Amino acid sequence: MKFFVDTADINDIRELAETGLLDGVTTNPSLIHKSGRNFLEVVKEICGVVPGPVSAEVVAGDHATMMREAEILRRIADNIAVKVPLTIDGLKTCKALTGDGTMVNVTLCFTANQALLAAKAGATFISPFVGRHDDIGFDGMQIISEIRLIYDNYDYETQVLVASIRHPIHVLESAKIGADVITAPPAVIRQLFKHPLTDRGLESFAADWAKTGQTIG
Ligand code: E4P
């Protein structure tokens, strides 16, 4: 399973990229706002740090303007994935861009039927938002299972990119279902490394090792 980080914070991205475990980055207009940076500048910088796909989102609502925005975005770097919303215009844009060899991430997906449409439009990634579903009292992960089943039924190559992740259990469930990618905030990715028993075990090993009086090498 691939790990993307959902942020436009370049310091977080650099730090996580150093682990060697980061496969890509997703951004959205809210994350760009939070970063306080110029959109095109920060996306270009991110593309230089992470070789994998970096999602940059169009903001227009109509197909013609989306195509103009996508043209600017895809010129930033070869690893740009143009992010389009799951609307009729968004899917028209998706079909045109992927037909041209550009990676496209279809975002704001909330049903398996929407994901089916995105696959038919040739999307590289479909981003179902699990956390926002949970927030309103539905089971976001259920949709991931449905999408996995449907894509496997028809051998669609669109990658299931689980988005709007809130906690490590979303990551675990995504892996069990067989999602292709997760995108999570930096804090959730850092949580994945942690366990109190790992910390406690390290402390006792370090204490016992000190008592041996030995060094390695
Ligand atoms: C995905 O690409 C989105 O940027 C993101 O996961 C949305 O998450 P949120 O619901 O926490 O805003």
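Counting convention: from 1, in listed order, for ligands and their atoms alike. Because only heavy atoms are used, hydrogens play no part in the values below, and waters and symmetry mates are left out as well, while side chains stay in. Only a predicted model underlies this, so the values are computations on that prediction, with no experimental measurement involved.
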Problem set entry | Donor-acceptor side-chain pairing of S55 and N105 below 3.5 angstrom | yes
Exercise. Do any N/O atoms on T27 end up under 3.5 angstrom from N/O atoms on ligand 1?
Worked result: no
Exercise. Are any of the N or O atoms of S164 closer than 3.5 Å to those of ligand 1?
Worked result: yes
Output yes when a side-chain donor or acceptor of [X] lies under 3.5 Å from a complementary backbone atom of [Y], and no otherwise.
{"X": "D180", "Y": "V160", "answer": "yes"}
{"X": "E69", "Y": "A60", "answer": "yes"}
{"X": "R148", "Y": "G178", "answer": "yes"}
{"X": "N79", "Y": "V50", "answer": "yes"}

Any idea which protein heavy atom is nearest [atom], and the distance to it?
{"atom": "atom 11 (O) of ligand 1", "result": "R166 NH1, 2.7 Å"}
{"atom": "atom 5 (C) of ligand 1", "result": "D6 OD2, 2.8 Å"}
{"atom": "atom 12 (O) of ligand 1", "result": "R132 NH2, 2.7 Å"}
{"atom": "atom 4 (O) of ligand 1", "result": "N28 ND2, 2.7 Å"}

I'd like to check which ligand 1 atoms, numbered from 1 as shown, lie under 4.0 Å from a non-hydrogen atom of [X].
{"X": "T26", "result": "2 (O)"}
{"X": "F129", "result": "1 (C), 3 (C), 7 (C)"}
{"X": "K83", "result": "1 (C), 2 (O), 3 (C), 4 (O)"}
{"X": "A163", "result": "1 (C), 6 (O)"}

Seminar exercise, completed: When C109, P53, S127 are each screened for side-chain contact (heavy atoms from CB on, under 4.5 Å) with L161, the one that passes is S127
Problem set entry | Under the side-chain hydrogen bond (donor to acceptor under 3.5 Å, both in side chains) test, residues paired with D139 that sit two or more places apart | none
